Amino acid sequence: MLKSTIVALVFLLAGCVSQPSLPTTDTIVKIKTSDSSIVANSDKYSYRFFRTGLRTEFQRYKTFYERFQQQILGVRVNFNVTNHEVVAEYTAIVDGRRLDEMQRTLLTSTYKAAEMDQGYFGVLFKTDGFWTEISPQELDESYKLKSPIVVSINDKTKVMSPYAGVLLLPVFPLVMMYGCATGPCI
């Protein structure tokens with residue numbers, strides 16, 4: 001019992017200082033895509049999307065882009081992060097005023113576009129993957145973007161304050177004293 005309590009406290013303290021954390025925004029400067037993967041790099045981090053369903057979502061985006069490229073005004077990119085897992089949400093902003101009725105129907109029925117303010121629509125594309133720190137020679141300059149993409153990051157990683165570990169340190173002598181009082185000291 002005592003040993004398992006001590007082990008649990010050690011893991012708790014280790015978790016306090018080793019949880020990953022990303023900034024609230026990052027700027028993607030290089031992207032490499034294929035039919036089955038996307039690698040997006042900033043100066044410090046690499047975001048990799050290789051998971052099941054990526055090929056389908058990528059094809060869905062490609063078809064969407066071919067049909068609506070003249071009406072797309074811009075994009076919003078958001079990464080939802082938990083530990084090293086990333087869910088990328090790519091929202092294309094479409095000017096609804098430039099659509100005819102058939103295009104509007106296609107946009108809302110096929111692409112599940114959500115109506116936004118002032119006649120604009122948002123079409124969401126999602127995929128999941130993971131992030132790592134970047135390897136310097138990972139992507140060469142041929143993958144550099146003409147215009148970097150700013151990404152919003154919502155880091156949902158549960159991180160305890162490093163001060164919580166300091167507050168737990170006084171518990172160890174008490175646990176040790178209890179162990180010695182009820183049985184052999186370890």
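Predicted model, so just to flag it, every value in this text is computed and none were measured.
- For Phe50, the CZ atom is densely surrounded, since the number of other residues' heavy atoms within 6.0 Å is greater than 12.
- Scored by the salt bridge (Lys or Arg N to Asp or Glu O under 4.0 Å) test, Arg60 finds Glu57 as partners (sequence neighbours excluded).
- Residue pairs meeting the salt bridge (Lys or Arg N to Asp or Glu O under 4.0 Å) criterion with at least one member in residues 77-98, sequence neighbours excluded: Arg51-Glu85, Glu89-Lys126, Asp95-Arg97, Asp95-Arg98.
- Residue pairs meeting the salt bridge (Lys or Arg N to Asp or Glu O under 4.0 Å) criterion with at least one member in residues 64-74, sequence neighbours excluded, do not occur.
- A continuous path of ILVMFWY side-chain contacts below 4.5 Å connects Leu54 to Ile31, so both sit in one hydrophobic cluster.
- Sorted by first and then second residue, the salt bridge (Lys or Arg N to Asp or Glu O under 4.0 Å) pairs with a member in residues 100-118 form an empty list; sequence neighbours excluded.
- With hydrophobic clusters built from ILVMFWY side chains whose heavy atoms lie under 4.5 angstrom apart, Leu124 does not share a cluster with Met116.
- For Gln118, the CD atom is loosely surrounded, since the number of other residues' heavy atoms within 6.0 Å does not exceed 12.
- Between Val77 and Ile28, every side-chain heavy-atom pair lies at or beyond the 4.5 Å cut-off.
- For the pair Gln71 and Gln103, the minimum side-chain heavy-atom distance is below 4.5 Å.
- In this structure, Tyr45 and Glu133 have side chains that are in contact, with non-hydrogen atoms separated by less than 4.5 Å.
- In the model, Asp26 has a side-chain atom that pairs as donor or acceptor with a side-chain atom of Tyr47 under 3.5 Å.
- Side-chain N or O atoms of Asp155 include one that pairs as donor or acceptor with a backbone N or O of Leu22 at under 3.5 Å.
- Residues Leu99 and Phe68 have side chains in contact (heavy-atom distance under 4.5 Å, counting atoms from C-beta outward).
- Side-chain atoms of Thr127 and Tyr90, non-hydrogen and from C-beta on, never get closer than 4.5 Å to each other.
- Minimum interatomic distance between Asn41 and Val39 (heavy atoms only, all atoms of both residues): OD1-CG1, 3.6 Å.
- The hydrophobic clustering, which links ILVMFWY residues whose side-chain heavy atoms are closer than 4.5 Å, places Leu145 and Tyr61 together.
- Aromatic ring pairs are classed by plane angle as parallel below 30°, tilted from 30° to 60° and perpendicular above 60°; the pair Phe125 and Phe64 is tilted.
- Remark: the backbone N or O of Leu107 is not paired with any side-chain donor or acceptor of Thr110 at under 3.5 angstrom.
- Between Thr132 and Arg48, the shortest heavy-atom contact is OG1-NE, 3.8 Å.
- Between the CZ atom of Phe130 and the OG1 atom of Thr82 there is a distance of 15.5 Å, given to the nearest 0.5 Å.
- Side-chain contact between Ser42 and Ile134: absent, with no pair of heavy atoms (C-beta onward) separated by less than 4.5 Å.
- Taken to the nearest 0.5 Å, the CG atom of Asn154 stands 11.5 Å off from the CZ atom of Phe79.
- Here the OG atom belonging to Ser37 is positioned 11.0 Å from the CZ atom belonging to Phe49, to the nearest 0.5 angstrom.
- Residue pairs that meet the salt bridge (Lys or Arg N to Asp or Glu O under 4.0 Å) test with at least one member in residues 68-81, sequence neighbours left out, do not exist here.
- With hydrophobic clusters built from ILVMFWY side chains whose heavy atoms lie under 4.5 angstrom apart, Ile153 shares a cluster with Val75.
- Transitive grouping of hydrophobic side chains (ILVMFWY, heavy atoms separated by less than 4.5 Å) keeps Val150 and Ile93 in distinct clusters.
- For the pair Pro148 and Thr27, the tightest heavy-atom approach, listed with the atom from each and the gap, is CB-CG2, 3.4 Å.
- Clustering of Ile, Leu, Val, Met, Phe, Trp and Tyr side chains at separations under 4.5 Å leaves Val87 isolated, with no partner residue.
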